Every structure is written in structure tokens, then in C-alpha cells.
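Owing to the predicted nature of the structure, the values given are computational and were not obtained by experimental measurement. The figures here come from the full heavy-atom set of this structure, side chains too, leaving out hydrogens, waters and symmetry mates.
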Amino acid sequence: MAFHDRLSHTQRILLAIFCFPLLPFYLCALCYARSHEEQEEGKPTELAHVEAGKTVETQKDSSFTGFQSDGNGNDRSQQPRGNGLPGQPVQMQPDEQAPVITSYTNEGTHVTVEVHPRNTTPQLFKKFSLGKGVRKLPSLTGLDNKGFQENGKSRVPLPGGKDLHAYPWDKSSLKSMTLDLQQFEKLDAYASKVSVKNSIEELVKALLREARSDLEKVRAVWMWICHHIEYDVAGFHNKGQKSCEPKDVLRTGKSVCAGYAGLFQQMCSVAGVQCMELSGYSKGYSYRCGQSFTGDSDHAWNAVYLDGKWHLLDSTWGSGSVNDSCSKFTFQYKEFYFLTHPALFINNHFPDNSNWQLLKPALTLKEFERNMFYNIQFYNLGMLVAHPETPIIQTVNGKATISIESRAPLLFMFKLQGTEEHGLMTLKKNGMKLEIYPQKTGNHKLQVFAKPSKGSEDHYNEVLEYTLECSSVDKNMCFPKDLRQPVGPSWFTERKGFLRPSHHDPIIHTNDGRCSITFTLGKDISVLPSLHSDNTSLTEDMRRRHIMEIHRGNQIEFKIHLPHAGKFVLRIFAKKKSDPGNYNYIFNYLISCPNTEVKWPVFPENYRNWAESYELLEPLAGLLPANRNVQFKLKLHSIAKAFVKGKDTSPLTLSKDGYWEGTCNTSGCTEVCVMVQENANLKFSYILKYEVETQ
């Protein structure tokens, strides 16, 4: 006989009275379990445990490995923890609690529903008690609930529209919220010196003595981790030697990135600040320009909820860096990775779930791979953007052009395959321009370095790296080895006293082998030019005699007559007139002459008594023809007499125009000299010497 048939009429009525109120709840729970299974078909199941008067606590099946889809159209299982370096997947911590959903009503009725795999039947367990009130289902939280995500025992809002920042970067701030770093000076100094390590709770308690707001709490946790947890290089190479559990990270004082992120999350939780551990791909250690990302996540970081919005940070990278072989870690605090603007954070952090980019629009993985990788010094030095914005560029007719925009003047240098060759860099007031002409086909590594324009720092920091794909070579753009970077006048040469240049371009082209360059000198300086070429046998003194220096008040002119065709470097040195020391290099030009018929002689040799105010108009050639009457014309200030001496001595007369003029016959002599007498009481002084052609 069936159980129902054995009951009396009265018993049946009592059973109906007690069971009927549970029927709607049972049906709702059963429907929820069935719909959840259908939505998550093929996925590990997330389960929630709800207790009366408490918030929801998510439990995970031990087989759970993270999101099956990263939100970017990439179907792959990802783990939310890792060591921050490529090559090691992020490991998920399994949970061993039973998968159940427990619900309560205000009447006191307690219903427990076990959620089983598909094609199995949930079981209903009933507990009865006497109570009154309206029955209603509790709200369930978890990864599938819109607007919230589970984090420990707190309901954490998922990123929404108010959290999103425009992409690309608007060039405003490096941070995702307005910060005055000076307000943290006292807190930073305190937090970085706290030495409590007996427990996470005690450590956080000590840190919060100087932190009041959520922002200050996060800052204190950040500073402590960045100054006390070192990267575990041994654990990176040997998984068996590492532990990412927060208590182990605190005890040992070292970990990989998953340990940093886990400890950060745990400390924030103790401090009462909502924090998430995130995982994804990174352009960190071992990243190579233009590489693709596949397989498991390789890095972990955090998001914190402050002032109603989510913000990103990476304490692993904020603490320091490893060497090229990842065998040594060096503490080197990096402020850049604290609450970094999401449009900058995406430069080297790609989360598994695109919602955590905090960007609108979000980037795809392919865009992340193709985008230019900017070293943090790029932004720390005030640079805004580089062109092109892709790490791999192709030369066009043997040439590639790179430019950088910056907020303020900076000094730059570059290396192509490790040398400063085959390039032409010019400084701009707000950046630089670089033209590269590789002299071999194939792929070339191009690095760009920069440093502040003021201060005592001599070290250049690498800010960019490109891969140049060169399919053809322009042999006409092979530069002299003496060419130094940058080339041409700039804000830097203005700062050194060379104003209003006649030639702004770095290359001066001349077909007849002659050119003239002028500047206004803004300082009381002495100038020394020199000429260099790879294809000349001339001595340094003879090369210098192919340049004539003329002063007119505060204006200086360089007349240049090239000895032959080719490419020449005009270097310009200077020093203060009151400084007895050596001349300092300032800048250089590139002079190009393709005319193979060019063959200019040197200018006449200057003696020490040649004054800056003197000017020679003719003859300019330092080699005079033999047996000729040669016309002389000079501007000589503050002298009494002037003569030209060959075989005979001929006087020069002062014209109405203020020039000393006259002629000299070159017969019977090998050299001709110009002499002056400043007053009648002084001897004659030699100021110029010419050579005479041999007969």
C-alpha cells in the first residue's frame, strides 16, 4: 500500500497544511537550479550558500578554472592568479565546501537545495518550525548576477558605465582619480616602515593607525607591500618552491605576482575596502616587441573600489624589477602603477574579462598585441604619444620615421642594433623626430631613450622599442661616423646661446660646395667650429681652415668652402669667454654636396692677433696665384695702419666706406701676410697669412 493510502483523513489534512506553503519555494528553487544549469552548460558551476541574516558567500567547485570566455571573443579557460611573468599560468585555489544553496523565510522555514550536475535530481530537505511572516526568496549574488560579483563575504559591484574611461588616453592625468601625492608623504613614510609580520590582521591594524579614508587605507597597504615583499625569482623558476597564500607571502616576505595580488586583496578585505584579484596577459619580463599571446594568463593584479568607482593597480610591478635573466630582484618603487589611468594600464595589462579594462571602447586581444608598448618612463618624463603607434614598422624606400610628442622639452638618443648610426634625430620644443635609414635589409631593433632637459641626471631611460622591417636600402643616406645626435639647431642650442639660426633643417645641401650659416649669440661666448668627413686625408687644422668665422656685433657667421664632394659634419663648440677651460660640444649640422667637381681651397690662416671684430672680404682663398696683382679688402676696427707684405710691402688705405683696401703683387714670394699697427707706439702685428702657388 502506498504511503498516502495508509494515512487517515485527518493526517492527510495536517500534511497538506504543513507542506502546501513550501510548494512555491520548492518550485522556485528547482527552476533556478535548472535554469542555472542550462545557462552554464559545459561550464563549472558556481554555487552560493545563503544563511539567515548574512550576505551570500560563493563556493567554487574544485574543478573551476575561471571564466571560459574572457569577454573579448576568446574562448579559453583562464586562472585568476599568476606570477606576473610570461610562461607560468595563474593558479586557482580550489574550494572544498559542499555545493549547496540554503534559503530562509521569515516564518523560520529552512529549505536546503543541493545543486547537482545535469541529469541528476535535486533533493529537498524540510525543517519545520512555528513562525509567522511573509515568505520571500533571498537575493543570490555571484558571477552570473548582473551588477555584482562575489568577493569573500561582501557584495562587490561589477564595473559599470561610471567606471569606464575613454580610450585612447585623453593626455590629462596618469591617474584614474585626482590625487595630490604630497598628502601621502607622512602616510607613505609611516607605512613603508611598519614591521609587524605576525599576522595579516595585526599588520593591517598597525597600518590603519595613520589611515582614515578608504583611499588612505589602500595607499598604506600599497606602500607596505611595495617596500616589504620581494619578487620570488626562485619560485618563478621552480613552482614547487613558491606559495601564493597570503599568510605564506607575509611570512616569507616574497612571492610571485599571484602572491602580491592575493595579499593585497586580503589586506584590503581586513581593512574594509572592496578589492578584486584580476588576471590576464602582461607585457612584462620576457615580453618581445610585437609578440602574440596564447594559452594561460601570465600575470595578476588588483582593482580597488574607491569613491564609488573601480581603480586599477599592480603592486608586483610597483615594488621593483628583475634583471634580464630573472635571477635577481631589485626593490625600485614605481608610483606609476598605483591607481593608473585605465587607458595607460591597458598598455601592458590585458585582463581575462574585458570588463576589467575599465575602458570604453574595450580593446580586443589583437589590438593589445598590435599596440605600441610604452615603458613607464615614457609617461613619467611627460611624453604623450609616439608615432607610429605600432611596434613593428616597415621602411618605405629605405626610410622609417618616428616622432614623439611631449609636454616639455626632453633630451633623446637612439640605438639601431645597438649603435647610434644610420639615423637623423632632431629635437623639437615638445618632442623629437627621428629618421632611420638602415644600411642592411632585414629586421632591426630600434630603441629610443630620453632624459630630462634639466637637472644632473646623466642616465638616459629607454622609453620605446620598435622592430624595423627593411626591404630596401638607400645608400645615398649613409652618414659620416662623426655625426652626433641630435642634429641641427633646437631649443637646446637656443639654451646654449645660439639664437635665430639661418638654417633650421639638420641637413644643408649645396651644389657648388659653399654655404653660409648665421646665428645671433644670446650669451657672451666664444665659438669654435670644426669640419669632419669620412673621405678626406686633411688634418684637423686644415679642415678647420675650410671654415671662416665672422662676427658682426652679436651675430656670428660661418662661411664654409668644402674641399671636395661628399657628406661633411660641421661641429660647433662653445665656452664662456671668461672660462679658461676647454670648449664644450653643442651641436652639429650635416652638409651634403653631390658635385664631384667641387674643390675649394682653404681660407687664409688666422694669427692670434686676428680680432673677432675683423672681417675679410677678399681674397677669401688661402692660396694666391703667382705673379698676379691681388686686390685686398678688409674691415679692421681701431687700427692706425695696415700693410700687405709679399716680396715688397704695400700699404692699405682706409676708404670712405670704412674698408682697408689695396693691392699686392705675388711675384717672387711664397707667402703673403697682412699686418696691422694699432697705434704709432706699437709694432706691426701679423693677422693673416696666404700661400702663393708654385710656378
Side-chain angles (χ1 to χ4, degrees), residues 168-169 171 174 283-291 321 324 334 336 344 346-348 369-396 398-440 442-455 457-470 474 477 479 481 483-493 506-507 587-588 590:
W169 183 45
K171 303 178 183 180
L174 301 182
K283 295 179 180 178
Y285 167 75
S286 80
Y287 169 73
R288 294 297 175 262
C289 182
Q291 80 174 57
S321 57
D324 291 340
K334 298 181 178 69
F336 179 82
L344 303 181
I346 194 64
N347 175 51
N348 46 23
E369 292 171 345
R370 289 195 304 262
N371 279 359
M372 189 67 211
F373 170 65
Y374 296 100
N375 188 290
I376 65 169
Q377 290 297 333
F378 182 91
Y379 298 110
N380 288 341
L381 289 171
M383 282 167 270
L384 302 173
V385 68
H387 301 281
E389 296 185 77
T390 54
I392 301 176
I393 54 180
Q394 292 80 33
T395 59
V396 178
K399 172 186 175 182
T401 302
I402 294 95
S403 63
I404 292 178
E405 297 177 23
S406 62
R407 298 186 188 278
L410 296 171
L411 294 173
F412 293 89
M413 64 173 287
F414 74 91
K415 287 187 178 181
L416 182 67
Q417 293 296 97
T419 65
E420 268 191 286
E421 296 179 350
H422 316 307
L424 204 64
M425 176 183 285
T426 53
L427 294 181
K428 308 296 182 183
K429 187 161 289 187
N430 296 101
M432 72 88 173
K433 179 181 177 183
L434 173 61
E435 296 177 353
I436 292 290
Y437 301 87
Q439 294 302 295
K440 291 183 180 179
N443 291 349
H444 302 270
K445 180 180 179 180
L446 173 63
Q447 298 165 283
V448 179
F449 305 82
K451 74 173 185 177
S453 62
K454 295 182 179 179
E457 184 178 354
D458 293 328
H459 177 68
Y460 280 84
N461 296 283
E462 182 176 359
V463 295
L464 289 178
E465 180 181 322
Y466 287 97
T467 295
L468 265 62
E469 296 180 346
C470 180
D474 185 354
M477 297 305 290
F479 303 126
K481 66 178 184 301
L483 186 67
R484 295 180 61 173
Q485 308 293 334
V487 185
S490 66
W491 59 265
F492 179 77
T493 58
I507 303 180
F587 70 110
N588 55 192
L590 178 64

| NZ (K334) with more than 12 external heavy atoms under 6.0 Å | yes
For residues [X] and [Y], report the shortest heavy-atom separation together with the two atoms involved.
X	Y	value
A408	N430	N-ND2, 4.0 Å
P409	S453	O-OG, 3.3 Å
H444	P438	NE2-CB, 3.8 Å
F373	Y287	CB-CE2, 4.0 Å
F336	N380	CD1-OD1, 4.0 Å
Q291	S286	OE1-O, 3.7 Å

I'd like a table of donor-acceptor pairs (distance under 3.5 Å, sequence neighbours excluded) in which one partner is a side-chain atom from residues 484-492, with atom names and distances.
unit_1: Q485; atom_1: OE1; unit_2: M425; atom_2: N; d: 2.8
unit_1: Q485; atom_1: NE2; unit_2: G423; atom_2: O; d: 2.8
unit_1: S490; atom_1: OG; unit_2: F492; atom_2: N; d: 3.1
unit_1: W491; atom_1: NE1; unit_2: K428; atom_2: O; d: 3.2

To the nearest 0.5 Å, what is the distance between [atom1] on [X] and [atom2] on [Y]?
X	Y	atom1	atom2	answer
M432	L411	CE	CG	12.0 Å
L416	L468	CG	CG	6.5 Å
Y374	N348	OH	CG	12.5 Å
K451	H459	NZ	NE2	10.0 Å
L434	I402	CG	CD1	5.0 Å
K283	N375	NZ	CG	13.0 Å

| message | With salt bridge (Lys or Arg N to Asp or Glu O under 4.0 Å) as the rule and sequence neighbours excluded, what pairs involving residues 400-409 come up? | response | K171-E405
Kindly say whether [Y] contributes a backbone atom to a donor-acceptor pair with the side chain of [X] at under 3.5 angstrom?
X	Y	result
S406	M383	no
Q439	Y437	yes
E469	I393	no

Non-hydrogen side-chain atoms of [X] and [Y] separated by less than 4.5 Å:
X	Y	result
Q377	F449	no
T395	I436	no
N371	N347	no

| Residues E421, K481: salt bridge by 4.0 Å N-O rule | no
| Y379 ring center near W169 ring center (under 6.0 Å) | yes
| field | Criterion side-chain contact (heavy atoms from CB on, under 4.5 Å) on D474 and K399, from CA distance to verdict | value | CA-CA 8 Å; D474 185 354; K399 172 186 175 182; over 6 Å; no
